[in-house]
Amino acid sequence: MTTTRRDFLKVTAVVGGGLTLGVSLPGAIIEAQAAGTLHTPNAWVHIADDNTITLISARSEMGQGVYTSMPMLIAEELSVDIRKVKVEIAPVGEVYTNTLLGGQLTGGSTSVREGWEKLRIAGAQVRTMLISAAAEKWQVSADKLHVSDGKVIGPGGRKATYGELADAASKLPVPKDVVLKDPKDFKIIGKATKRLDTPTKVNGKAVYGIDVKLPGMVYASLEQCPVIGGKVTSFDASKAKAMPGVIDVVQIRDGVAVVADSYWHAKKAREALTITWDEGPVAKIDNASMMEGIRNAKDAPTPIKKTGDADAAMKTAAKTMQAEYWSPLLAHATMEPQNFTADYKDGKCLVVGPAQFQQGTQGNVAAALGLKPEDVTVKTTFLGGGFGRRLEYDFAVQAAEISKAVGKPVKLLWSREDDTTHDFYRPMAFHRMAAGLDASGKPVALTFQLTSQSVTQRAFGLPKGTLDPFMAEASVVGYDIPNMTQELIEHDSGLRVGYWRSVSHALNAFANESFIDEMAAAAGKDPYQYRLALLDKQPRYANVLKTAATKAGWGKPLPAGRSRGIALMEGYDTYMAQVAEISVKDNEITVHKIWVVADLGQMVNPDTVQAQLESSIAFGLSSTLGAEITLDKGRVQQTNFHDYPVIRMSQMPRIDVTLVKSTEKPGGIGEPATALVGPVVANALFAATGKRVRKIPLSPDNIKSA
């Protein structure tokens, strides 16, 4: 059995009762429509009488810039100033499904790729309807009219604003076939554009989950079992209830919550709780047992792809080689800790907060409270980082359960320690790699085997033995190797796992791009030239690789103590190469500069693309240089940024970005650069020290023991 990324959400009724049909409108939009001042030609675009245009964004804004790139797609087709387009986040609705992922969610570097045609069509539909309304009003042929700067313009200089025509236009049938702008005529798409949401984030008007306030709201702090999955056996709350500001102490499925008049009062009283836990089966897990289980996994391999006969080619190869690579558990470490605000009242529940997966939030809150999905309203705020963590909804369900228990609106806020120790972690991964080289050192065979945990099985009930597409990303290399086998072993280590920025691209690129470097070394060849010689049939791969090498001055002398590494990958329909320049002292790496060349097809906003590349590299460097989650008796050992380090400003290298101009369909850019950082720094480390470190992070301890 196989499944595609598009189909993976359909394997289970995860949203607890199905999707909400039809389109409801968010708060400010509802009021405007009720007053008769807002007109809705389709589910995406709303035009007010005052000529204000509002895009209903189906994708959550978590720093990746969709509140600018999505309006740019609409504005291009409507020929309006991008700064005149407002944005509101969509409610739960089937029409807002991400067709690349099968649900209303933000992730997988899909926002622009999925909205590229859909939103341009929506804008073109509205443009066509406005022109038709003007043609009918003026009794002229529609082909004599055109649009410019928020107006329909007709013969003799006649003009009407979109606002003046919106009422009539909204009553016309929505055209199915519309003509989209030719890319050569783009005036907005492809132009570097300042972000529309920056002013509100600077002046404090932007509302994140942590900012939400509801009338009569109280605050909650939740004590969860130190072992994930453990349950309360008994508890004594007498001391907590006697502390200042405490309103109530309630038990929910995930632990014991202290509810108070402020977060600080709730948190301090929580420290006075006495709880006895049933720690459950995870208490038997530690890093050593997880690694042993993964290495000795007996689960049947699932094939990803087979080309030629790698086993036969290995037998006749002039030289064979093998290597094993390890990648650790990782936390998401969003800058905004997990939080949600809930208000349960009269059999209905409002939940407000930072969500990447609105349908999952709605369905699971409904299931936890015994409600129908349509009785749960989800309002999405800005997200202070997502990286896949906010595809989960545990904290939203907890807030809703606490609100129901105390009969008040409740804001639940996790501490940083809660967040680090109760994540859905990126899975631990183990790769077995093997290759056969001919007498000249050219590869004739390559085998790849990944053993790891399937997030999709945990999250969405993907049947065992079904290929998880989110494990196979970047497993098949673009190099011209005639005989290749790629397969994976889905082994459940017992700890809950989640999607993490770049998902399996980071795992698989580390193994593949480190191993191709090892093959070059075994062949006595330059790692750049070795790769390039295998890319005659892959022009986009070859172009980014050559450009990165040229930009970095590959082959030219380096300052004393400096070394370079190179790596290459396709991910999310984006082709990317990186070169890193590093130095090493006392087994500690300093990354001085990274060159990145990306071919992501047609770009919507190059300014955001560059910011995403820089952000992704910073994120990837944190995990490459030091971040790691370890377990002892089921307990996560790291608690905060002092022992789960996020890269500091002083550690950030200079980044040189080159964006390839292209007319290909858009690729995703929020994640691929994260995946390449590990192998490019590991390859530079080998160039610097002659040590091949096959275990991330590239920490002093791992370098020393290599």
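Source: prediction; values computed, not measured. The basis for the numbers below is simple: all heavy atoms, side chains too, and nothing from hydrogens, waters or symmetry mates.
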Basic-acidic side-chain contact under 4.0 Å: Arg195, Glu61: yes
Stepwise side-chain hydrogen bond (donor to acceptor under 3.5 Å, both in side chains) check, Gln358 with Gln362: CA-CA 6 Å; Gln358 284 77 11; Gln362 182 191 58; over 6 Å; no
Does some side-chain heavy atom of Met62 sit less than 4.5 Å from a side-chain heavy atom of Pro354? no
Could you tell me whether the side chain of Thr574 and the main chain of Gly668 form a donor-acceptor pair under 3.5 Å? yes
Test side chain to side chain contact (heavy atoms under 4.5 Å, CB included) on Gln602 and Ile189 and set out the steps. CA-CA 9 Å; Gln602 174 70 59; Ile189 293 174; 3.9 Å; yes
Do Glu136 and Lys171 sit within salt-bridge range, that is, some charged N less than 4.0 Å from a carboxylate O? no
Minimal non-hydrogen separation, Thr106 against Ser60, with atom names: OG1-N, 2.7 Å
Count the heavy atoms belonging to other residues, nucleotides or ligands that lie under 6.0 Å from NZ of Lys118, then report whether that count exceeds 12. yes
Within 6.0 Å of CG in Asp182, more than 12 heavy atoms from elsewhere: yes
Quick one: do Arg59 and Leu105 satisfy side chain to side chain contact (heavy atoms under 4.5 Å, CB included)? Show the steps, please. CA-CA 7 Å; Arg59 306 285 85 86; Leu105 55 82; over 6 Å; no
Evaluate whether atom NZ of Lys187 has more than 12 neighbouring non-hydrogen atoms of other residues, nucleotides or ligands under 6.0 angstrom away. no
Check whether Glu88 reaches the backbone of Leu55 with its side chain - one donor and one acceptor, N or O, closer than 3.5 Å. no
To the nearest 0.5 Å, tell me how far Thr110 OG1 sits from Asp573 CG. 11.0 Å
Is there a side chain to side chain contact (heavy atoms under 4.5 Å, CB included) between Met603 and Leu659 once you walk through the steps? CA-CA 9 Å; Met603 287 177 280; Leu659 303 177; 3.7 Å; yes
Output the distance between atom OG1 (Thr361) and atom CD (Gln104), rounded to the nearest 0.5 Å. 10.0 Å
Please examine the side chains of Thr381 and Asp211, heavy atoms only from C-beta on, and report whether any two atoms are closer than 4.5 Å. no
Is the His505-Tyr572 ring centre distance short of 6.0 angstrom? yes
Using atom types as modelled and distance alone, determine if a side-chain donor or acceptor of Asn51 lies under 3.5 Å from a backbone N or O of Tyr162. yes
Nearest-0.5 Å distance that lies between atom CG in Asn605 and atom OG1 in Thr193: 4.5 Å
If every non-hydrogen atom of Ile89 is compared with every non-hydrogen atom of Ser57, which pair is closest and at what distance? CD1-O, 3.3 Å
Quick one: closest heavy-atom pair of Ala355 and Phe340, and the distance? CB-CZ, 4.2 Å
Rounding to 0.5 Å, atoms CD (Gln125) and CG (Leu78) come to a distance of 11.0 Å
Does atom NZ (Lys181) have a neighbourhood of more than 12 heavy atoms from anything else shown, all under 6.0 Å? yes
So, taking the atom named CG in Leu391 and the one named CD in Gln356, what distance separates them when rounded to the nearest 0.5 Å? 4.0 Å
Output the distance between atom CD1 (Ile74) and atom CZ (Arg127), rounded to the nearest 0.5 Å. 11.0 Å
Answer yes or no: are there more than 12 heavy-atom neighbours, outside Lys86 itself, under 6.0 Å from its atom NZ? no
Just wondering, do Met569 and Met576 contact through their side chains at under 4.5 Å, heavy atoms? no
Between Leu613 and Ala673, which heavy-atom pair has the shortest distance, and what is it? CD2-CB, 3.9 Å
Decide yes or no for Tyr575 and Val597: does some side-chain heavy atom of the first lie under 4.5 Å from some side-chain heavy atom of the second? no
Taking the side chain as C-beta and beyond, is there a heavy-atom pair between Leu412 and Asn339 under 4.5 Å? no
Within 45° of the axis and under 6.0 Å from the centre of the six-membered ring of Trp116, does NZ or CZ of Arg113 qualify? no
Would you call Arg120-Glu77 a salt bridge at under 4.0 Å N-O? yes
Show the numbers, then the answer: is there a salt bridge (charged side-chain N to carboxylate O under 4.0 Å, His left out) between Arg390 and Glu336? CA-CA 11 Å; Arg390 288 182 162 109; Glu336 178 191 20; 3.6 Å; yes
Gln64 side chain to Gly670 main-chain N or O, any donor-acceptor pair under 3.5 Å? no
Taking Glu76 for its side chain and Ile188 for its backbone only, find out whether a donor-acceptor pair lies under 3.5 Å. yes
Taking the ring of Tyr96 and the ring of Trp44, is the distance between their centroids below 6.0 Å? yes
Give a yes or no on whether a salt bridge exists between Glu392 and Arg458, defined as a side-chain N under 4.0 angstrom from a carboxylate O. yes
Between Met129 and Leu165, is any pair of side-chain heavy atoms under 4.5 Å apart? no
Of all heavy-atom pairs linking Gly102 and Thr97, the shortest is C-CG2, 3.7 Å
Compute the ring centroids of Phe619 and Trp500, then answer whether they are less than 6.0 Å apart. yes
Min side-chain heavy-atom separation Val87-Pro71 under 4.5 Å: yes
Donor-acceptor contact present, side-chain Thr68 to main-chain Leu196, <3.5 Å: yes
I'd like to know if the side chain of Ser504 reaches the main chain of Phe470, judged simply by a donor and an acceptor atom lying under 3.5 Å from each other, with no hydrogens or angles considered. yes
Quick one, Ser111 and Ser69 - any side-chain contact, counting heavy atoms below 4.5 Å? no
Using a 3.5 Å distance criterion without hydrogens, assess whether the side chain of Ser615 forms a donor-acceptor pair with backbone atoms of Ala611. no
Verify the ring-centre separation between Phe382 and Tyr67: is it less than 6.0 angstrom? yes
Within 45° of the axis and under 6.0 Å from the centre of the six-membered ring of Tyr219, does NZ or CZ of Lys411 qualify? no
Assign the ring pair Phe395 / Trp414 to parallel, tilted or perpendicular, where the plane angle (0 to 90°) is split at 30° and 60°. perpendicular
Return yes if some donor-acceptor pair links the side-chain N/O of Asp375 with the main-chain N/O of Leu371 below 3.5 Å, else return no. no
Check the pair Ile655 / Val596 against side chain to side chain contact (heavy atoms under 4.5 Å, CB included), numbers first and verdict last. CA-CA 7 Å; Ile655 299 176; Val596 54; 4.1 Å; yes
Between Val112 and Pro666 the two heavy atoms that sit nearest each other are CG1-CB, 4.0 Å
Between Glu570 and Arg540, does at least one N-O distance fall below 4.0 Å, as a salt bridge requires? no
Checking Thr608 side chain against Gly65 main chain: does a donor-acceptor pair fall under 3.5 Å? no
